[in-house]
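These notes concern the structure reproduced below.
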Amino acid sequence: MTPDTRPKIAIYPGTFDPITNGHIDIVDRALNMFDKVIITIAINAEKNPLFTPEERISFMKECFRGKESRVEVEYTDGLIVEYAHKKKAQAIVRGLRAVSDFDYEFQLALMNRKMQREVDTIFLMAGFRWIYISSSIIKDVARHGGDINDLVPQHVKQALLEKFTR
Ligand code: COA
């Protein structure tokens, strides 16, 4: 068998409204396994985001400044698996926080595999410190003036404060 010399590329899709320290942890760990991680803002039709795609992209670029050769940040309004195929990615990375995430993720992964067999889904357990957080919970705490210091980068915290004090 000839060795596969293609660069190892992973897509990390999500709503990222906004990016949290938990997401950053997943990207950093995916970088230990892949040459490149393409963070992709995708549309979840059931969500009504607080931040525009442009705002979310700029928050993420700031988080990975200096790693531009290995971390790309993009947006797609199509199927994630088609996007992964177009980008020649071998895998979609998803973080699992709790058993409650499993059913939905299982469905997504199987449906994606049915549509595109060459793209596999890889699950990383969320870091223990981030297991209980979500973008919605952080927005809710920020909206009510609670402490989100350890949960998001400073520039994201600042943007949340500005949104909620307008
Ligand atoms: N740390 C912190 N929070 C985490 C996390 C981690 N490691 N991993 C997940 N989360 C949180 C997110 O903040 C998010 O919180 P929220 O619900 O409060 O916004 C939640 O877990 C899960 O959301 P996310 O990972 O952003 O996924 P999603 O369910 O919003 O989006 C897509 C799923 C974008 C991947 C999916 O809708 C998609 O693929 N859309 C494109 C169309 C498509 O291909 N559909 C699938 C057809 S099979």
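When a ligand or atom number is given, it counts from 1 through the structure's own listing order.
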Walk me through whether F64 and I39 qualify under side chain to side chain contact (heavy atoms under 4.5 Å, CB included). CA-CA 11 Å; F64 297 101; I39 309 174; 3.5 Å; yes
Can you tell me which residue pairs pass the ring pair (Phe, Tyr, Trp, His ring centres under 6.0 Å) test with a partner in residues 122-159, sequence neighbours excluded? none
Tell me which donor-acceptor pairs under 3.5 Å the side chains of residues 19-32 have, and how far apart each pair is, sequence neighbours excluded?
residue : atom : partner : partner atom : Å
T20     : OG1  : G22     : N            : 3.1
T20     : OG1  : H23     : N            : 3.2
T20     : OG1  : H23     : ND1          : 3.3
N21     : ND2  : D150    : O            : 2.8
H23     : ND1  : T20     : N            : 3.0
D25     : OD2  : R29     : NH1          : 2.9
D25     : OD2  : G127    : N            : 3.3
D28     : OD1  : K67     : NZ           : 3.2
R29     : NH1  : M125    : O            : 2.9
R29     : NH2  : M125    : O            : 2.8

Enumerate the protein residues lying less than 4.0 Å from ligand 1, judged by heavy-atom distances, in chain and residue-number order. P13, G14, T15, T20, G22, H23, I26, A42, I43, N44, K47, G78, L79, I80, R94, R97, Y104, L108, M111, N112, M115, A126, I133, S134, S135, S136
Check whether E68 reaches the backbone of G66 with its side chain - one donor and one acceptor, N or O, closer than 3.5 Å. yes
Could you list the donor-acceptor pairs under 3.5 angstrom formed between side-chain atoms of residues 88-99 and any protein atom two or more places apart in sequence or on another chain?
residue : atom : partner : partner atom : Å
Q90     : OE1  : I9      : N            : 2.7
Q90     : NE2  : P7      : O            : 3.0
R94     : NE   : E105    : OE1          : 2.9
R94     : NE   : E105    : OE2          : 3.4
R94     : NH1  : P13     : O            : 2.8
R94     : NH2  : E105    : OE2          : 2.7
R97     : NE   : D101    : OD2          : 3.1
R97     : NH1  : I133    : O            : 3.1
R97     : NH2  : D101    : OD1          : 3.0

Classify the ring geometry of F102 against F106: parallel below 30°, tilted from 30° to 60°, perpendicular beyond 60°. parallel
